[in-house]
Amino acid sequence: MAFWAFAGWNSGKQRSDADARLQGRLQTAVADYAHILGNAEQRGRRLASSPRVQQALARRERRRLAHLGGRDVSFALGRSVGSAAPEAVTRTVEVVAHGRTLGWVIVKVPFDERLLARLERASDLPDGGALGFARGDALTIGGGGAQMQARVPLGRVIELTSGGERYRALAALLGAGPHARKLVVLAPAAGIAANANAERWRVAVVGFGVLVAVLLVGYALAPAIARNRLSSQQRAQAARVLSHVGDGVFLIDSEGVIRLWNTAAEAITGLAAGDVCGRSTELALSGWRNVAPLVPVATRPGDQAEISRAETVPLDIEGRELWLSIAGVAFTDGTVYAFRDVTNEHRLEAMRTEFVATVSHELRTPLASMHGAAMTLRHRHERLDADTQEELLDMIAEQSKRLAELVEEILLTGQLDAGSLSIASEPFDPEQLVRTAVEEARHRISDGTTLEISAATLLPYVVGDGVRALQVLSNLIDNAMKYSPGGGRIDLGVAQEGESIRFSVRDEGLGIPTGEQERIFDKFYRLDPDNRRGVGGSGLGLYICRELVHSMDGRVWVESEPGLGATFIFELPIATPLLAAT
Ligand code: ADP
């Protein structure tokens, strides 16, 4: 449609271009006509100034004048010129000699075939084109002198028929006055129309060809375009899927540069994709170098034949140890790794292993002692004196108590973990708590150890569970005794510290390295897990202390210089003023 409309517009343009050319030719012919008139004028002047012409005029020698004038030139003798012939335009020049008019030179430019032929030559008419002179309704066309009746208006192209031929015609006025003629230029209408039509068809055909070509190209490219659109949709979908995958996914290219880092990878590691992508693995993941050799890499995803089972490896990321279950698949773009965070599972597993090791170790020693003592009593009791028998029975009692305590600790830990332990919240006297704890501890104290209390008087009551607070304090005192193998002084302090009462147990024992002071409160954590110092323990005591203090809205910590002893401190909140001891 568009091409056809364009073709229509184009053929119209062709026609108006042809008309414009017609106009141009007419102007050229008119200009040439003016030039011819100018020549006629000059010729007249030349003759008028010629002495021979003047002499002939003066002598009225008509024959000689005819000879001197030549074609289209006539002479008038005397003063008057006479009227001009209507079939020609004339240029008349007065012949004056010695102040006297001798006559006139009249140069004629006739509207005849010759003039038309000359003007046609000048105006470079197209094939079949012609010029003509019009006067009134009479039109005389050059190149054969066809006469016809036609009124051609000025300045407007019309169509007219002559000799069965259609023309486009345009007229211009030559001269002025009632007898002035029009110069008419004619161009065959068929040629212009044919040209316009041919142009119209050419444009239409070209347009159609372009259309067909576009359709063909479109048809040929359609699958590729569709594939491209599909694959870009698929890519976008894959990126969306990747960002919603729970597993961390990253791609390391063959140069060792990280090219992809999905949302889960960001969440697990805390490293933003922007900080990681485009950087070398060595720089972005410092711990990767040690871990990479341990990570299984398959050549096809899900390949059972290959070792594609994920491996659990530790990865150090900015000082944080993460345990990742990770596996990779290599392909042309590099290796894509998928991982999941198993740090908690790993911790749990480590704890379980530790628990089994610690508990079995802790059980074995007292059980072995009890078993030995029981067997001795059973088989040799007649031969044993009373003191030895007493000693063995004491040992059984002590070891079974230790076992019971161990079991108690394990149970309590379970309750604390499950949140099922009920903790009272009532006011009690902190100083009384310290005194009770010390009194009880005196029964367990070994030689060379002293227990001192420094307590501020008139302390406000604290709020919490008195029994559990006593358990915490006793545990700290026991640890102070346990980890002061050479004995020494143990100081118990109780004082107000802001809105809290601060309890402290200071010993002169082994102390705790700075880096371990947080971790000793972790479950099963022991500085000397293999009991190389001969001091046994489950590693649960401080964990229980911390959990109990936290459940009473207090806090607990240790201050220590290794070798110079340790001070364990815990604080419990002061009861409301109404309940305070004051
Ligand atoms: P354990 O049953 O091993 O005593 P705890 O949880 O009570 O378990 O203590 C954890 C670890 O903290 C101990 O194994 C010990 O290494 C260290 N520890 C606890 N109290 C002291 C202390 N007063 N002085 C030095 N080390 C201590």
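What you see below is based on every heavy atom in this structure, not just the backbone, and it leaves out hydrogens, waters and symmetry mates. As the structure lists them, so they are numbered: ligands from 1, and atoms in each ligand from 1.
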Cationic N near anionic O, under 4.0 Å, R489 to E508:
no
Pocket residues of ligand 1, ordered first by chain and then by residue number (heavy-atom cut-off under 4.0 Å)
N479, A480, K482, Y483, D507, G511, I512, I520, Y525, R526, L527, G537, S538, G539, L540, G541, L542, F568
Any side-chain donor paired with an acceptor under 3.5 Å for R435 and Q432?
no
Criterion side chain to side chain contact (heavy atoms under 4.5 Å, CB included) on F250 and I252, from CA distance to verdict
CA-CA 7 Å; F250 65 99; I252 299 180; 3.5 Å; yes
Mind checking the CZ-OG1 spacing from R383 to T376? Nearest 0.5 Å is all I need.
10.5 Å
Those residues that, when tested against R279, pass salt bridge (Lys or Arg N to Asp or Glu O under 4.0 Å) (two or more places apart):
none
Separation between CG (L412) and CD (Q471), nearest 0.5 Å, reads 5.5 Å
